[in-house]
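I have placed the structure first, in the form of structure tokens, so that the comments after it can refer back to it.
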Amino acid sequence: MLKLISFKNCPFVQRVMGALEMKNVPYDIEYIELNNKPQWFLDISPNGQVPVLITENQTVLFESDAIVEYLDDKYAPIEALSAEEKALDRAWSYQASKHYMPQCGTMSAKDEQTYLTRLDKLSKAFAKAENKLGDTPFFKGQSITNVDIAWLPLLHRAAVIKEHIGIDMLDGFPKVQRWQQALLDSGLPQKTVPSDFIEKFGGYYFTNNYFELVKQGKSCASDKCKSQQPATSSCCG
Ligand SMILES: N[C@@H](CCC(=O)N[C@@H](CS)C(=O)NCC(=O)O)C(=O)O
């Protein structure tokens, strides 16, 4: 059986779990703490990062892009993709994965100005997707593909923030919002994070930062809040 070494809040891990789930490949999972990496993990992981996938031959794979490509090669889809389609899928997947860390940075912002500046950069990714998306539920049509899986961490985390903080990172991107909803409705988000994800994620991203201020009603960036508050209030002024 495949074994995935993981960290509960990691978007790169979530993408790999999405690929495994999409392909219905069984796997074991072991979570580690990144602030206290076990020696066995340091011994096998070339760069000390998760995700790491240990294959049935006990080969240790690392780097999420490489792991996703391995899963494609090993568990090939019934419908073969052309070389052009594969290249485009990889390119659109990269538009998401290169924004995983920027999204983490945006969610960690300590104040409204920093949050908005970082969100502005992150929004460039959402704007590209908005331009490309059609009227189908998923990126390429009626079913989930690798591109959807790559965007899942960004869109799922935006949904969690919307639900728990009341800020929508996807404001102004209606097609991306529809796409997000289709992914949420697919049930995939829950299958690609641990059962205590909200607790872990909230514990890290909703404390001691801008989101905590918003939660406490001491600051806000949402239109809803803006319309309720005078422009000079501490909320938005
Ligand atoms: N390029 C890597 C990035 C993975 C990554 O940044 N993982 C983070 C957790 S989300 C990590 O393991 N950080 C620990 C460290 O860098 O020491 C990939 O795509 O797999």
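Whatever order the structure lists ligands and atoms in, that order sets their numbers, starting from 1. Note: hydrogens, waters and symmetry copies are ignored here, and every other heavy atom, side chains too, is used. Position 1 is the first residue of the sequence; numbering continues from there.
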With a 4.0 Å cut-off on N to O distance, would you call E69 and R90 a salt bridge? yes
Does the ring center of Y94 lie less than 6.0 Å from the ring center of H99? no
Using distance alone, decide if ligand 1 has a nitrogen or oxygen within less than 3.5 Å of any nitrogen or oxygen in P11. no
Look at D43 together with K37 and state whether they make a salt bridge at an N to O cut-off of under 4.0 Å. no
Just wondering, do L184 and P189 contact through their side chains at under 4.5 Å, heavy atoms? yes
Only heavy atoms count here, so choose which of K98, Q49, K8 is nearest to atom 16 (O) of ligand 1. Q49
Could you work out, for atom 20 (O) of ligand 1, the closest of P153, S64, S97 by heavy-atom distance? S64
Below 4.0 angstrom, N of the basic side chain to O of the carboxylate: do D72 and K86 qualify? no
In terms of residue, atom name and distance, what is the protein heavy atom nearest to atom 1 (N) of ligand 1? E63 OE1, 2.7 Å
Check if F7 has a non-hydrogen atom at a distance under 4.0 Å from any atom of ligand 1. no
Short N/O distance, under 3.5 Å, between D65 and ligand 1? no
So that I know where these two stand, are F12 and F7 an aromatic pair - ring centroids less than 6.0 Å apart? no
Can you tell me if K37 contacts ligand 1 (heavy atom of the residue under 4.0 Å from the ligand)? yes
Regarding atom 8 (C) of ligand 1: of the candidates I32, V50, N9, which has the closest heavy atom? V50
